[in-house]
Colleague: 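My questions will all concern the structure given below.
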Amino acid sequence: MITVSPGVPECYDTISAALAAAPSGAVVNVASGQYRENLIVTKPVTIAAEDGPVQISPPHGCALTVAAALGLTGVAVHGNDQQEPAVVVTAGTMTATDCEFHGAAWTVVYALDQGSVELHHSRFSNPAGAGVVVTSPRGGVLDGCVLTELGTTGVVVAEHGVLEIRSGTIAQAEGNGICLNGHGQLTAERVTISRAAKPAVAVEQHSSATLKELSIQDTDGVGVYLASTAPTRLIDCAVDGAGADGVLIGGAEQVLLERCRVSRATGFGIRVAGRSGGVVRETTVDDIDGVGACVENGSRVEFERITAQQCTETGLSVRGGEQTVHGVRAERCGQIGVEIAGGRVWLHNVDVDGSGDAGVRVCAQAEATVQGCSVQNTTGPALSVADAEARFDDCEIYRSGADGVHVGSGGQLRMNRGRVRHCVGSGVVVMESGRAEIIGSELLDNTADGIRVHTTQAVSVRDCVARNNGGAGLRQMTSFTELSVSGFVSDNNKVADTRRTATARAEGSATSGSSSTTTAGEGSLKELASLVGLADVKREVTTLVNLNKMAKRRQEAGLSTPPMSRHLVFAGSPGTGKTTVARLYGKILAELGILTSGHLVEVARADLVADIIGGTAIKTTEAFNRALGGVLFIDEAYTLSSQSGGSGPDFGREAIDTLVKLMEDHRDEVAVIVAGYSREMHSFLATNPGLESRFSRTIEFANYTPDELVTIVRQQCDKHDYRLDESAAEVLRDYFTRIPKDGTFGNGRTARKIFERMVDRQASRLATATDASTADLTRLLDVDVDVAAIPE
């Protein structure tokens with residue numbers, strides 16, 4: 001043991017002298033006092049305060065330079081130089097426990113080259129600059145530390161630096177609390193960041209971070225700013241009190257927010273901009289002075305189970321792009337609960353309770369599909385559609401302060417199985433130039449009319465009930481409306497219905513979603529054309545579309561239309577895109593105004609055939625009715641005529657007989673597509689005399705070529721941020737050439753399985769690599785192909 005105690009016999013007067021004399025591994029005990037010297041550590045040693053405060057505080061230069069393993073216990077290091085950090089670690093590991101670090105330069109502690117730090121329960125301050133800067137890939141750990149009174153940023157991880165923070169506090173930083181850039185990597189857990197002048201956390205360039213249980217409080221600006229191309233994860237984090245956006249995702253490509261909470265932010269609780277991508281899951285935004293969560297055009301983020309509470313403006317706003325939202329609840333928002341202002345959006349399970357202007361608003365040429373929606377206690381309309389297309393399935397509307405559903409100028413609404421109750425206005429209002437299709441819905445106990453129609457455009461009401469309304473069940477305000485009504489029950493309303501039958505369509509007729517046939521269907525045809533391969537299929541579908549266009553134009557010109565069947569047989573092996581083409585076929589027919597919605601209902605034998613006598617007809621009819629207005633797609637239809645399962649062939653043939661009758665009864669309301677292997681489908685059509693006449697056209701789906709299968713793998717790579725190396729492409733092309741194209745060949749499914757297996761093998765290959773670059777993480781090589789292990 002070596003002791004430093006100035007003036008004491010047999011003790012060293014300076015720490016520098018003790019270090020020069022100490023052997024490797026020695027412990028240097030330092031007596032209480034101030035030591036104005038510059039220390040350089042070149043051998044493994046430990047420096048410990050012996051009996052009181054020890055302060056290392058030279059007037060100039062770096063107070064402590066570390067190039068070997070160093071332990072510090074109970075020591076204060078003060079850097080007074082305005083250019084040099086207080087501590088520089090270039091090699092080895094500096095382990096500090098219960099220490100204090102103070103600086104006067106751009107940072108207090110700097111770990112670079114091959115240096116690392118392990119800092120436990122220590123304090124850092126630096127009015128002139130940062131607390132800790134790490135650029136070394138050996139980085140280190142901050143455990144239970146406090147960083148405060150900082151002139152710039154608390155912790156910086158840059159270049160290829162790596163750092164872990166296990167609990168701690170960062171307060172009063174004039175810059176960021178934590179900043180990552182370059183290729184820095186940070187793992188942080190249970191850290192509190194407060195009173196940062198700039199974003200409390202900033203993750204930029206190609207850096208990556210996993211942040212758990214962070215608490216960010218009272219920042220002057222943005223709470224968290226994410227703009228990195230590498231994965232960034234925030235789990236169980238909280239932002240409370242941000243002077244600007246709570247979380248701003250600006251150009252980040254792989255973000256995950258899970259079980260986070262943002263409260264008391266200004267502007268936006270969560271804002272996704274700059275073509276960002278990722279997932280926001282089980283997250284709450286609360287008490288936001290502005291918009292709760294917003295996705296702007298060019299970004300693509302999936303929201304799952306999001307809650308927005310007490311936002312002065314909108315709870316959730318989607319402003320362009322293609323977005324999917326699974327579960328959103330908006331409570332007590334000042335303007336709009338959920339706003340879709342542009343783009344194509346799919347929302348599932350929407351719950352809005354209390355809002356000012358509207359519960360759910362779709363506008364700005366958006367295309368929205370909302371499945372499962374509950375809206376109540378709104379000041380304005382519960383649902384509002386203007387200059388946009390919206391489909392609402394299974395919606396419950398209760399106590400709207402205005403109309404339940406309001407279709408404004410240029411709005412197109414399709415509402416299935418809606419229930420609109422106790423609204424101060426009418427249940428549904430369709431204003432001038434709006435279009436609407438209302439199916440299987442109930443309009444109950446509303447103050448005004450059940451349905452009020454002002455538009456001159458197409459409106460269809462089918463299988464609806466209007467009861468106990470203060471006005472009429474159905475009130476048509478203009479004689480120029482293309483109104484189609486069938487199966488409508490109006491009961492116990494205060495005012496008699498007003499139907500201008502001279503211009504209304506005949507009972508049971510369908511309405512067209514558009515009067516134009518020159519451009520209708522082009523969008524979906526382009527989507528069809530973009531599919532890999534399928535040249536013959538594309539040609540056949542295009543021919544069918546052209547025939548339907550001409551039939552519609554002849555009808556509009558007052559000419560007779562030739563008899564046409566829209567029902568098709570899709571024959572071919574699995575994985576050749578039959579379901580995808582069926583879905584596009586339905587969309588095209590809907591865009592042409594031939595089908596009212598074009599949605600796809602996919603069924604198999606189990607969905608149509610029951611195990612008891614009489615049950616099959618019921619199941620088949622129910623499935624068929626779900627498809628009205630769209631496409632009924634029956635996969636492996638030949639199993640209906642085969643000896644399969646315990647129900648025997650008679651029950652399957654009962655489904656066929658029921659199907660044939662329903663197709664005749666509703667021949668203009670649905671397209672039926674039966675699919676399966678080519679030989680089996682030929683036998684299937686022969687089982688019932690009515691089938692061949694109703695399915696007059698068969699489209700053959702050929703197996704994909706080897707080049708097309710490689711293209712499918714490339715598409716999977718692009719979708720999941722991978723790149724297929726040309727060496728791997730050649731191996732795949734050879735494999736796809738040799739693989740037997742028998743009944744077990746999966747075509748596109750096989751290609752996707754191979755991609756998944758390649759990703760697995762790449763992950764195993766890189767798991768043990770410590771120097772894998774971002775490019776390595778995205779590249780799939782020939783060694784990642786293991787075709788022998790891939791099941792067909």
Side-chain angles (χ1 to χ4, degrees), residues 279-282 293 295 300-308 315-318 321-330 336-353 355 358-363 366-376 378 381-385 388-398 400 404-405 407 411-421 427-428 436-442 460 462-464 513 579-580 582-584 586-587 590 595-603 607 622-623 625-633:
V279 176
V280 179
R281 179 184 298 136
E282 297 181 26
V295 183
R300 186 163 186 170
V301 172
E302 286 195 17
F303 284 94
E304 300 177 11
R305 300 180 295 282
I306 303 303
T307 299
L316 171 65
S317 179
V318 179
E322 292 193 2
Q323 313 295 342
T324 302
V325 180
H326 296 279
V328 56
R329 178 171 177 79
I336 304 169
V338 176
E339 177 188 45
I340 311 301
R344 300 177 64 187
V345 183
W346 292 264
L347 296 97
H348 307 270
N349 300 324
V350 177
D351 190 351
V352 178
D353 189 351
S355 61
V360 178
R361 174 179 289 174
V362 185
C363 57
E367 297 179 28
T369 299
V370 182
Q371 296 180 326
C373 179
S374 172
V375 182
Q376 60 183 339
T378 60
L383 308 180
S384 173
V385 182
E389 299 180 22
R391 171 172 176 159
F392 291 90
D393 294 340
D394 301 305
C395 289
E396 178 84 15
I397 296 168
Y398 182 67
S400 167
V405 181
V407 183
Q412 298 186 43
L413 167 75
R414 177 181 172 91
M415 185 168 73
N416 293 301
R417 301 177 299 280
R419 197 162 189 250
V420 185
R421 302 181 293 146
V428 178
E437 186 175 4
I438 307 166
I439 305 168
S441 298
E442 296 179 336
S460 173
R462 187 167 75 236
D463 299 328
C464 294
T579 305
T580 300
R583 185 175 289 107
L584 289 173
K587 289 174 63 177
L595 294 177
T596 56
S597 69
H599 67 288
L600 182 78
V601 174
E602 183 177 359
V603 297
D607 302 303
E622 289 176 346
N625 287 340
R626 291 200 307 273
L628 287 174
V631 175
L632 178 64
F633 182 80

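If you're wondering where the values come from, they're calculated on a predicted model, not measured in any experiment.
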Colleague: Carefully, step by step, assess Arg305 and Arg281 under the rule side-chain contact (heavy atoms from CB on, under 4.5 Å).
Modeller: CA-CA 6 Å; Arg305 300 180 295 282; Arg281 179 184 298 136; 3.7 Å; yes
Colleague: Can you check whether Val350 reaches Leu316 side chain to side chain, under 4.5 Å on heavy atoms?
Modeller: no
Colleague: Restricting to non-hydrogen atoms, name the atom on Thr378 and the atom on Ser400 that form the minimum distance, rounded to 0.1 Å.
Modeller: OG1-OG, 3.4 Å
Colleague: So, taking the atom named CZ in Arg300 and the one named OG1 in Thr324, what distance separates them when rounded to the nearest 0.5 Å?
Modeller: 6.0 Å
Colleague: Taking Arg626's backbone N and O only, do any of them form a donor-acceptor pair with His599's side chain (distance below 3.5 Å, no angle check)?
Modeller: yes
Colleague: Say you draw a straight line from CZ of Arg419 to OH of Tyr398; how long is it, rounded to the nearest 0.5 Å?
Modeller: 10.5 Å
Colleague: To the closest 0.5 Å, what do you measure between CZ (Arg361) and OG (Ser384)?
Modeller: 5.0 Å
Colleague: Could you give the distance from NE2 (His348) to CD (Glu304), rounded to the nearest 0.5 Å?
Modeller: 10.5 Å
Colleague: Which atom pair, heavy atoms only, marks the closest approach of Ser355 to Gly337?
Modeller: CB-N, 3.8 Å
Colleague: What is the minimum heavy-atom distance between Gly359 and Val375, and which atoms define it?
Modeller: CA-CG1, 3.9 Å
Colleague: Let me know which of Val428, Val385, Val407, Ile439 forms a side-chain contact (heavy atoms from CB on, under 4.5 Å) with Met415.
Modeller: Val428
Colleague: Go through Glu622 and Asp607 one step at a time and tell me if the side-chain contact (heavy atoms from CB on, under 4.5 Å) criterion holds.
Modeller: CA-CA 10 Å; Glu622 289 176 346; Asp607 302 303; over 6 Å; no
Colleague: For Leu383 and Cys373, which heavy atoms make the closest approach, and how far apart are they?
Modeller: CD2-SG, 4.3 Å
Colleague: Val338 versus Val352: any side-chain heavy-atom pair under 4.5 Å?
Modeller: yes
Colleague: In Å, rounded to the nearest 0.5 Å, how long is the span from CZ of Arg414 to CD1 of Ile438?
Modeller: 11.5 Å
Colleague: Taking Gly418's backbone N and O only, do any of them form a donor-acceptor pair with Ser441's side chain (distance below 3.5 Å, no angle check)?
Modeller: yes
Colleague: Would you say Thr579 and Leu600 make side-chain contact, with heavy atoms under 4.5 Å?
Modeller: yes
Colleague: Taking only distance into account, with no hydrogens and no angle test, what donor-acceptor pairs under 3.5 Å do side-chain atoms of residues 388-397 form with protein atoms, sequence neighbours excluded?
Modeller:
unit_1, atom_1, unit_2, atom_2, d
Arg391, NE, Asp393, OD1, 3.1
Arg391, NE, Asp393, OD2, 3.0
Arg391, NH2, Asp393, OD2, 3.4
Asp393, OD1, Asn416, ND2, 2.7
Asp394, OD1, Arg417, NE, 2.7
Asp394, OD2, Arg417, NH2, 3.2
Glu396, OE2, Arg421, NE, 3.1
Glu396, OE2, Arg421, NH2, 3.0

Colleague: Is Asp351 close to Ser374 at the side-chain level, that is, under 4.5 Å between some pair of heavy atoms?
Modeller: yes
Colleague: If you compare all heavy atoms of Leu413 against all heavy atoms of Val405, which two are closest, and at what distance to 0.1 Å?
Modeller: CD2-CG1, 3.7 Å
Colleague: In Å, rounded to the nearest 0.5 Å, how long is the span from CG of Leu347 to NE2 of His326?
Modeller: 9.5 Å
Colleague: For Ala368 versus Val362, what's the shortest heavy-atom pair and its separation?
Modeller: CB-CG1, 3.9 Å
